Amino acid sequence: MSPFRIAVFASGKGSNFQALVDAQLSGALGGDICILVCDKPQAPVVELAAAANVDTFVFQPKEYASKEEYERNIAVELQQRGVELIVLAGYMRLLSPSFVEFYSGRIINIHPSLLPAFPGKDAIGQALAYGVKLTGVTVHFVDGGMDTGPVIAQKAVEIKEGDTAEVLAERIHHVEQRLYSEVVSWFAQRRISLNGRNVTIAE
Ligand code: GRF
């Protein structure tokens with residue numbers, strides 16, 4: 001059977017990308033990361049991809065007439081490689097409704113809070129400012145909204161007295177890296193099914 005083919009979209013540091021690569025190398029992912037899509041040529045994640053021998057599609061949005069135009073180019077890259085799952089890992093750009101619609105049920109995202117609490121930017125700062133005692137990580141399907149798609153998996157992370165945003169972020173990132181690889185492996189094993197907003201993971 002051909003390997004389950006994965007695209008990762010990222011714009012930044014790439015700690016989740018690296019964790020996925022490591023999981024692939026150890027055999028735990030059960031899939032093949034065949035392309036990194038990145039909208040920031042200077043992002044550290046681009047170097048991580050080179051070091052891991054993962055193909056990249058790196059682009060600068062301002063060099064295209066429209067979002068539709070660069071997304072068409074992305075879609076060609078994905079189709080050429082037979083990508084089955086798009087994994088957003090700190091991709092700081094909203095996908096157009098037509099792209100999301102086309103890949104419906106095949107795009108997932110990771111967000112550093114227990115959704116629906118604290119969607120959008122700076123979820124960690126939002127949780128600290130609100131004063132919650134428990135926050136966490138959510139992996140969810142991507143739909144047309146901002147962090148609103150069906151929840152696939154969540155893990156709680158305790159907020160401790162005196163936590164700064166940096167300390168809390170480090171704890172959250174650690175949890176993210178483990179959870180994301182595990183969820184992607186469920187997809188590779190074809191254990192995930194979606195019924196309305198309800199996600200089931202087969203044993
Ligand atoms: C992560 O915190 C993720 O939850 C959010 O973007 C961040 C990406 O970090 N969506 P990294 O680039 O994987 O280190």
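Counting from 1, the numbers follow the sequence of the chain as shown. This structure is a prediction, so every number in the text was calculated from the model and none was measured.
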Not counting sequence neighbours, list each pair that qualifies as a ring pair (Phe, Tyr, Trp, His ring centres under 6.0 Å) and has a residue in residues 112-168. F118-Y130, F141-F187
Verify the distance criterion only: is there a donor paired with an acceptor across the side chains of D22 and Q18 at less than 3.5 Å? yes
Would you find a donor on one side and an acceptor on the other, under 3.5 Å apart, between the side chain of T138 and the backbone of L115? yes
Before you tell me yes or no, could you show the steps for Q126 and S113 under side-chain hydrogen bond (donor to acceptor under 3.5 Å, both in side chains), namely the whole-Å CA-CA distance, both residues' side-chain angles and the distance that decides it to 0.1 Å? CA-CA 9 Å; Q126 290 185 55; S113 76; over 6 Å; no
Starting from F17, can I reach V139 by hopping between I/L/V/M/F/W/Y residues whose side chains sit under 4.5 Å apart? yes
Does S11 reach the main-chain N or O of M92 with its side chain, forming a donor-acceptor pair under 3.5 Å? yes
Set of side chain to side chain contact (heavy atoms under 4.5 Å, CB included) partners for V175, sequence neighbours left out: V137, K155, V157
Evaluate whether atom CD of Q42 has more than 12 neighbouring non-hydrogen atoms of other residues, nucleotides or ligands under 6.0 angstrom away. no
Restricting to non-hydrogen atoms, name the atom on A43 and the atom on G12 that form the minimum distance, rounded to 0.1 Å. CB-O, 3.7 Å
Test item: R72 and V76 side chains (from C-beta on) under 4.5 Å apart, heavy atoms: no
Donor-acceptor pair, K67 side chain versus L94 backbone, under 3.5 Å? yes
Kindly say whether E170 contributes a backbone atom to a donor-acceptor pair with the side chain of H174 at under 3.5 angstrom? no
Evaluate L134 against I159 for side-chain contact (heavy atoms from CB on, under 4.5 Å), listing each step before the verdict. CA-CA 6 Å; L134 207 58; I159 297 184; over 6 Å; no
Between I6 and F4, is any pair of side-chain heavy atoms under 4.5 Å apart? yes
With a 4.5 Å heavy-atom cut-off, do T200 and I192 have their side chains touching? no
State plainly whether one hydrophobic cluster holds both L128 and I172, where clusters connect Ile, Leu, Val, Met, Phe, Trp and Tyr through side-chain heavy atoms under 4.5 angstrom apart. yes
What's the verdict on side-chain contact (heavy atoms from CB on, under 4.5 Å) for N109 and V87, showing C-alpha distance, side-chain angles and the deciding distance? CA-CA 6 Å; N109 183 42; V87 176; over 6 Å; no
When you measure from the side chain of N195 to the backbone of N198, do you find a donor-acceptor pair of N or O atoms at a distance under 3.5 Å? no
ILVMFWY cluster, F59 and V83 together (side-chain gap under 4.5 Å): yes
Using the salt bridge (charged side-chain N to carboxylate O under 4.0 Å, His left out) rule, collect all pairs that involve residues 79-98, keeping only residues at least two apart or in two chains. D39-R93, D55-R81, E77-R81, E84-R190
Mind checking whether F57 and L78 have side chains closer than 4.5 Å, heavy atoms only? no
Test item: L88 and I107 side chains (from C-beta on) under 4.5 Å apart, heavy atoms: yes
Test side-chain contact (heavy atoms from CB on, under 4.5 Å) on R178 and E182; report intermediate values, then the result. CA-CA 6 Å; R178 295 219 314 250; E182 193 179 1; over 6 Å; no
Report yes or no: does E71 contribute a side-chain atom to a donor-acceptor pair with the main-chain N or O of S96 at less than 3.5 Å? yes
Q80, CD atom: more than 12 neighbouring heavy atoms under 6.0 Å: yes
Is the backbone of S185 close enough, under 3.5 Å, to the side chain of R191 for a donor and an acceptor to pair up by distance? no
State, without any angle test, whether S98 and E68 hold a side-chain donor-acceptor pair at a distance under 3.5 Å. no
What I want to check is whether the side chains of N16 and E176 have a donor and an acceptor closer together than 3.5 Å. yes
Side chains of I108 and Y180: closer than 4.5 Å at any heavy-atom pair? yes
Quick check: do I86 and Y91 have side-chain heavy atoms less than 4.5 Å from each other? no
Where is the tightest heavy-atom contact between R5 and G82, given as atom of each residue plus distance? CB-O, 3.6 Å
side-chain contact (heavy atoms from CB on, under 4.5 Å) for L20 and Q177? Distances and angles first, verdict last. CA-CA 8 Å; L20 291 161; Q177 290 154 22; over 6 Å; no
Backbone N/O of A65 and side chain of E69: donor-acceptor pair under 3.5 Å: yes
Establish whether I110 and V21 are linked, either directly or via other cluster members, by ILVMFWY side-chain heavy-atom contacts under 4.5 Å. yes
To check you understand the geometry: which heavy-atom pair defines the closest contact between P41 and V46, and what is its length? O-CG2, 4.0 Å
Do L29 and V54 belong together in a cluster built from hydrophobic side chains that touch within less than 4.5 Å? yes
